[in-house]
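Note sheet for the following structure.
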Amino acid sequence: MPKKLSFDQAAQYGFIFPGARLWVTPENRARIAQDAAMLTTPNTTVPAELAAYIDPQVIEIMTAPRRAREIFTEEKRGDWTTPYFKWRVDEMVGRTEPYSDYANGTTSDVNSEWMTRQQYVFQTTITYGDLESALSSTAKVNLAASKQRAAATVLDIDANRFYLLGVAGREISGILNDPNLPNAITAAPTGTGNSTNWADKTTVQIYNDIRALFAELATNSNGLIDKDTPLKLVLSPELEVALGSATDFNVSVLDMLNRYFRNLTIVSLPELHSDTAGETVLMVASEVGGQRTGILAFGEKMRAGRIVPDLSSFRQKFISSTYGGIVRMPFAVAQMTGA
């Protein structure tokens with residue numbers, strides 16, 4: 001039987017087997033197979049997390065749009081120490097009489113009334129610990145900055161709500177619930193089955209409801225408001241869709257409105273939700289006779305408190321204040337329900 005060459009001897013003849021330890025024979029086959037058996041779980045040798053792509057773009061959860069500022073503008077009044085603010089309303093009064101050299105019976109005067117609105121100061125607080133900040137930083141997350149942004153968003157959401165609905169239990173009302181607003185009119189029952197809802201009405205019927213809303217403004221203002229006055233039609237996002245309703249000749253409600261009104265702006269307000277009685281629609285003349293119909297007043301937009309260190313964490317307070325939505329000329333706001 002020929003003598004078996006070692007691997008070194010075989011290499012001299014040009015047969016190279018890198019890493020080989022011995023030839024396979026019937027006698028050692030079982031031992032070699034046993035040596036080659038795996039003791040670990042088969043894998044790619046790289047954790048899947050290390051192969052993942054981390055997108056640098058962060059997708060934030062959206063919040064409903066805050067559009068009270070599209071109805072009236074914001075204005076600062078005092079600061080957060082101001083308990084309330086007052087404004088004066090002047091009414092010119094008097095009458096005339098036939099002239100006479102000796103007559104002196106009638107007079108003219110001015111009657112002043114002072115209106116008052118309280119200020120409401122509200123706050124929110126953020127906290128962040130040393131360990132959670134350190135852990136977040138490993139993921140390239142600035143935890144303190146994110147929480148500060150959250151505080152600003154929360155304050156802004158509540159400020160928008162106070163502008164629209166005021167503050168319960170305070171002498172603070174909003175655009176939608178000011179007690180001096182004229183009584184709302186009801187949409188005409190001209191829809192299918194005598195319905196007042198716009199979903200059941202034709203293009204012309206919806207347009208006529210909006211004209212009736214404008215007629216209320218013109219009547220309440222004794223003609224100070226006309227079709228050339230800057231107007232805002234405020235309605236819910238769901239009801240705004242109805243403005244796209246078109247006739248067989250492809251003329252929509254919006255087309256008809258733009259042809260009649262010179263300065264009409266549409267404001268979609270999520271807070272005007274529908275209920276069993278239908279939806280509410282507002283038409284607002286933002287300015288009449290050079291005077292603004294209303295303002296959104298605040299003392300402090302956002303005030304950041306000091307950062308307070310604890311044993312292994314930090315706290316910070318953020319403050320804002322509001323007087324609500326102030327309707328100075330209620331006659332320039334008309335409401336319609338049941339749409």
Practice problem: Answer yes or no: is there a donor N or O on one side and an acceptor on the other, between the side chain of Asn263 and the main chain of Leu231, under 3.5 Å? | Solution: no
Quiz prompt | Closest approach of Asn160 to Ala68 (non-hydrogen atoms, all atoms of both residues) | solution = OD1-N, 3.1 Å
Quiz item: Around atom CG of Asp55, are there more than 12 heavy atoms of other residues, nucleotides or ligands at under 6.0 Å?
Solution: yes
Self-check item: Flag if over 12 foreign heavy atoms under 6.0 Å of CG, Asp90
Solution: yes
Exercise. Using side-chain contact (heavy atoms from CB on, under 4.5 Å) as the criterion, point out the one residue from Ile71, Leu235, Val267, Val234 that pairs with Leu282.
Key: Val234
Could you give the distance from [atom1] ([X]) to [atom2] ([Y]), rounded to the nearest 0.5 Å?
X	Y	atom1	atom2	value
Arg67	Glu271	CZ	CD	9.5 Å
Asn111	Met92	CG	CE	10.0 Å
Ile126	Arg315	CD1	CZ	11.5 Å
Met283	Leu217	CE	CG	6.5 Å
Met115	Glu171	CE	CD	9.0 Å

Just by distance, no angles: are the side chains of [X] and [Y] close enough, under 3.5 Å, to form a donor-acceptor pair?
X	Y	value
Asp130	Ser133	no
Lys86	Thr116	yes
Asp101	Tyr99	yes
Ser321	Gln119	yes
Thr203	Ser245	yes
Gln205	Asp200	no
Thr153	Asp156	no

Quiz prompt | Side-chain heavy-atom pair Phe85, Ile326 within 4.5 angstrom cut-off | solution = yes
Quiz item: Can you check ring-ring contact (aromatic ring centres under 6.0 Å, His included) on Tyr260 and Tyr207, steps first, answer last?
Solution: CA-CA 11 Å; Tyr260 181 68; Tyr207 173 71; 7.0 Å; no
